[in-house]
Each structure stands twice: as C-alpha cells, then as structure tokens.
2 protein chains.
Amino acid sequence: MSTDICALCPVREHALCSCLSDEERVVLAGFCQRRRFTAGETVMWAGDESRICANLQSGVLKVVAATTDGREQIVSLVYPADFVGEPYATETAFTVTALSDAELCTFPRLLFERFLEEHARIENLLLQRTFKALNEARARMLTLARLSAGEKVASLLLEMAAQAGRCRCQLGLSEPVTFDLPMTRGHMADVLGMTIETVSRQLTKLKSAEVIVLSGARTVTIVDGNALKGRTMAA
Amino acid sequence: MSTDICALCPVREHALCSCLSDEERVVLAGFCQRRRFTAGETVMWAGDESRICANLQSGVLKVVAATTDGREQIVSLVYPADFVGEPYATETAFTVTALSDAELCTFPRLLFERFLEEHARIENLLLQRTFKALNEARARMLTLARLSAGEKVASLLLEMAAQAGRCRCQLGLSEPVTFDLPMTRGHMADVLGMTIETVSRQLTKLKSAEVIVLSGARTVTIVDGNALKGRTMAA
DNA sequence: CGAGGCATTGAGTCTGATCAATTTGAGTGG
DNA sequence: CCACTCAAATTGATCAGACTCAATGCCTCG
C-alpha cells in the first residue's frame with residue numbers, strides 16, 4: 001500500500017526520499033500523511049510547536065518572516081520536491097503559507113528525526129539541501145540590501161523564468177521566452193522587499209524599453225533576455 | 001599528540017567536535033591543521049574551489065556577498081566555536097575574511113566529508129547548526145528589507161551586546177551594560193545594508209536620546225535597554 | 001607630535017514609499 | 001451574452017528617509 005502511494009507521487013524522482021531503497025521507502029511511507037492546502041491557507045505558524053516536516057508534492061508555498069507590527073518579508077519560496085520544516089527545532093521559526101493550492105507529504109517531526117538518524121543517506125542529502133537553502137538566503141540578502149528596485153525586479157523575472165523552465169525545457173537567453181508569473185505583484189513585492197507600486201512601475205519600465213511584453217497581468221514574455229540580464233548587476 | 005592539541009583548544013566545549021569521544025577526536029585531529037589569519041586577511045574566496053572546512057577558535061570572521069560592480073553585503077558573522085565552509089560543495093559560495101586576528105582549525109573538505117559520513121552524531125549536529133544559520137539568515141532578511149535605519153541599528157546593538165555577554169555573564173535589560181563593539185562603523189553598515197554615515201547618525205540619535213553612551217568610537221554603554229528594545233520593532 | 005584611518009556632521013539630491021485615483025480583468029449571476 | 005463585482009494592477013502626485021558628496025573632528029599608533 002505505502003509503495004503504491006509513492007508510485008503516484010509526482011516528485012518521486014526529485015524529493016529527498018528519492019535516495020531511498022524500496023524497503024526504506026516503505027518505512028517512511030508508514031508514517032507519512034498526505035495533506036492538501038488551498039491557496040492562502042497556512043501550513044504552519046511561527047511560534048507554534050514544531051510538529052511536522054514535509055515534502056511539497058505540488059503547488060507553491062511561501063515562508064514568511066514578520067515584525068510584530070505587521071510588516072512582512074517572504075524569506076523563501078518552496079517549490080515541488082522541496083523540503084519544509086525544521087527537524088530538531090521545538091518551535092516553528094517562520095510561518096509557511098500556500099500561495100496556490102498545494103499537496104504535502106507530511107511526517108511527524110519526531111518520527112522523521114528518528115528516521116534521519118537511522119538512514120544516513122537521507123540525512124546527508126538533507127544537510128546538502130539545507131546548505132543550498134542557506135546559500136540562497138544569503139544571496140537574497142545581497143539582493144534585498146544592495147540592489148536597486150530595477151535590479152531586483154529584473155533578477156526575480158530571470159529567476160522565475162528559470163523556475164518555469166525547470167518544467168518545460170528552457171531555451172537560452174537569446175530566444176524570447178513566455179511564461180506565467182507564479183505570483184501576484186504583491187507577492188513579488190513581498191519577496192523583493194518593496195511595494196506593489198514600485199514593482200508595477202519597474203515592470204512598466206521594462207515593457208516600455210521593450211525588454212519584456214506583458215499580456216495580461218500574469219503572462220510575461222522575455223523578449224530580450226540579455227538586456228534583462230544586463231539590468232541585473234548581481235554576481 | 002593530537003589529543004593534546006584539543007586539550008588546549010579554546011572552544012573545545014562549544015565547537016561541533018565537542019560531541020566526539022576521545023578516540024573520534026584523535027581521528028579528526030589527525031587531519032586538522034591550525035591556521036592563523038591576521039585582520040583583513042581572506043580565508044576563502046567566492047568562486048574558488050572549495051578545499052577546506054573549519055572551526056573558528058578565536059577572532060571574528062565575516063562572510064561577504066558581493067555584486068560584480070563591487071557592492072558588498074556581510075551575510076554572516078562567524079564567532080569562536082562556529083563552523084565555516086560547506087561540505088559537499090565543489091565551489092566556495094561566499095568570500096570569508098577575518099575581521100580581527102583569528103585562529104582556525106581547518107580540515108580538508110573531502111576528508112571532513114568522509115568523517116561526517118562515518119560519525120553520524122557530528123553530522124547530525126552540523127545539520128542542526130546549518131538550520132540555525134538558515135534561520136538567522138532569514139531573520140536578517142526581514143531586518144534588511146523591512147526595518148528602518150533606526151530599527152536596524154538598535155537591533156544590531158542588542159545583538160552585539162548579547163554576543164559580548166555570551167562571554168562575560170550578561171545582566172538583564174534594566175541594568176546598564178558596557179561593552180566594546182566588535183567592528184567598525186563600516187562593518188556595521190555592511191551588515192545592515194546601509195552607509196557609514198547613516199549608522200553614525202543613528203548612533204548619535206540614540207546618544208542624544210540618552211539610550212546609549214558612546215565613550216570613544218568603540219565602547220558603548222546601553223543605558224536604557226528597554227528603550228533600545230522599544231526602538232527595535234522586529235519580532 | 002604628526003599622520004592616517006575612523007568617525008561625525010552638514011547640505012543637497014534622489015530613490016522608493018505613501019496616498020489617492022483609475023483602469024483592468026477574471027469570475028459571477030442575471 | 002452582458003452587466004456587475006471585487007480584487008489586482010496601473011498610474012500620478014507628493015513626501016520622507018537614506019544616500020552622496022564634502023568638510024571637519026577625533027583617536028591611535030608610530
């Protein structure tokens with residue numbers, strides 16, 4: 001039964017558990033619980049007791065840091081096959097919310113910790129992923145602190161194009177690429193540490209410069225990828 | 001011989017390796033190499049091949065992200081007993097430089113990886129530390145993106161006071177606390193994503209409000225810790 | 001005592017936030 | 001199929017906070 005569940009898993013090949021043998025997978029599946037969240041629903045609240053870890057199967061989640069007076073910053077976007085949650089933490093550090101409808105494969109934290117300890121390969125992979133997440137967070141610190149509004153928006157566009165291209169096969173920068181933005185202007189602003197208005201103005205500027213084409217609010221075509229990259233200036 | 005080295009290690013009790021048995025420590029010490037760096041010297045360069053990991057024994061390091069055109073952001077401060085480097089990464093992600101004279105206990109990356117795989121306890125602890133670093137980076141993202149200059153400086157002052165207090169025993173916020181800033185205005189600006197001038201102006205403002213006293217450029221007394229905390233506003 | 005790096009202070013500018021008014025567009029129900 | 005609704009997005013005008021440029025002051029260490 002449990003192996004059947006994994007057979008249908010859309011991220012079977014890419015999630016952390018892809019390193020497991022069939023037998024190990026049976027053990028893990030034995031205490032996993034699939035859960036669905038609708039867009040806007042919160043998966044875990046900052047400050048709450050940390051009870052679960054999970055793999056994202058479909059949809060997109062945001063990890064949000066907030067001040068006491070309500071200012072918010074998206075500190076990470078979680079895509080399918082990504083891991084969410086923090087083993088060994090008693091308290092949840094940041095609120096995690098579904099940006100779109102999402103499906104998670106959740107594990108009780110304590111059982112997952114036990115599993116990690118008994119399966120060195122998966123623990124090792126989680127370590128590598130966590131370092132990768134750390135590098136991403138640090139790279140974004142540079143973006144947040146030192147790039148101009150225009151540079152921030154250009155960077156995010158390229159990033160989202162790359163993410164979109166991870167599914168469909170991606171062409172180079174010389175060819176026009178069309179894709180749907182996976183988030184609203186408001187979310188883009190929350191990721192980049194700016195306001196909705198400024199994001200919108202920068203997109204308009206890119207449109208006027210004929211670097212991109214906006215077809216409706218959500219669909220973008222990157223006409224001149226090199227020009228867009230030139231507006232980035234980050235390493 | 002190797003155990004003697006560790007016996008003199010100033011961070012023996014707090015570094016990653018504190019979880020090891022004497023026998024394990026001998027193995028690890030077998031391929032460690034102690035190295036000294038003078039203030040300003042760079043320990044590893046972003047983009048270079050990743051050859052070492054290390055524990056910091058004394059001094060303070062900075063981890064720096066930079067744009068191609070020279071803008072810089074300090075993405076992490078490394079204190080004694082902290083771990084530096086990235087196992088399993090072929091390339092160094094960020095430049096690491098000594099802020100003060102520093103002593104490192106370095107390990108060749110590949111050997112350290114092998115050691116991790118054979119010693120689950122230490123790998124487990126490294127995982128936990130990496131998650132902690134990730135949480136810190138994410139918390140700082142909020143600071144960089146959403147706090148005002150005044151809030152940023154107040155936060156950093158409290159953080160540095162806490163760090164200073166980790167050595168000497170720290171009093172509560174109601175009592176005045178005096179300590180030396182471990183960095184220049186310039187470094188504070190690099191950490192907070194602002195300019196030297198703005199940092200200086202915010203400190204002057206705090207001095208005028210009699211929240212702090214500045215005795216020379218480097219020594220600070222937090223007179224009214226609660227007022228300082230009140231100027232923070234971050235969660 | 002002098003030199004040089006840090007730090008402070010001031011004046012002016014500019015980027016991006018704020019406030020406010022439309023416009024667009026997707027979804028709903030008549 | 002069209003009008004309606006409501007959220008999202010765009011656009012404009014104004015303002016403030018932080019940056020830039022420039023001058024001066026202050027430690028620290030030869």
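Every heavy atom of this structure was used, including side-chain atoms; hydrogens, water molecules and symmetry mates were not. By convention in this document, chain letters (A, B, ...) are assigned in the order of the sequence lines, proteins followed by strands, and residues within each chain are numbered from 1.
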Is there a donor-acceptor pair under 3.5 Å between the side chain of Glu103(B) and the backbone N or O of Arg35(B)? no
Starting at atom CD of Glu151(B), determine the distance to atom P of dG17(D), rounded to an integer number of angstrom. 12 Å
Quick one: on DNA chain C, does Gly150(A) or Glu197(A) contact a more 5' nucleotide (nearest heavy atom)? Gly150(A)
Does the side chain of Arg185(B) get closer than 4.0 angstrom to OP1 or OP2 of dT8(C) through an N or O atom? yes
For Gln202(A) and dT10(D), what is the distance between atoms CD and P respectively, to the nearest whole Å? 12 Å
Distance in angstrom units between Asp180(B) CG and dC6(C) C1', rounded: 15 Å
Rounded interatomic separation in angstrom, taking CG from Leu181(B) and C1' from dT8(C): 15 Å
Between Thr204(A) and dT11(D), is there a contact of a side-chain N or O with OP1 or OP2 at under 4.0 Å? yes
Of the listed nucleotides dA9(D), dA18(D), dC6(C), the one nearest the side chain of Thr184(A): dA9(D)
Rounded to whole angstrom units, what separation is found between the CG atom of Leu144(B) and the C1' atom of dA18(D)? 15 Å
Taking Arg146(A) for the side chain and Glu72(B) for the main chain, is one N or O donor matched with an acceptor at less than 3.5 Å? yes
In whole angstroms, how far is the P atom of dT8(C) from the CG atom of Leu203(B)? 6 Å
Is the shortest distance from a Lys or Arg side-chain nitrogen in Glu197(A) or Arg201(A) to a carboxylate oxygen in the other one below 4.0 Å? no
Whole-Å distance separating the CZ atom of Arg71(A) from the C1' atom of dT18(C): 15 Å
By nearest-nucleotide position on DNA chain C, the 5'-leaning member of Arg218(B) and Arg146(B) is Arg218(B)
Residues Thr38(A) and Ala98(A): closest non-hydrogen pair is O-CB, 3.8 Å
Regarding the side chain of Arg201(A), the nearest nucleotide among dT10(D), dT8(C), dT18(C) is dT18(C)
Would you indicate, yes or no, if dA18(D) has its OP1 or OP2 atom less than 4.0 angstrom from a side-chain nitrogen or oxygen of Thr195(B)? no
Let's go through Glu159(A) and Arg140(A) carefully: what are the C-alpha distance in whole Å and the side-chain angles of both, what is the deciding distance for salt bridge (Lys or Arg N to Asp or Glu O under 4.0 Å) to 0.1 Å, and is it a yes or a no? CA-CA 12 Å; Glu159(A) 221 173 274; Arg140(A) 219 181 278 286; 3.0 Å; yes
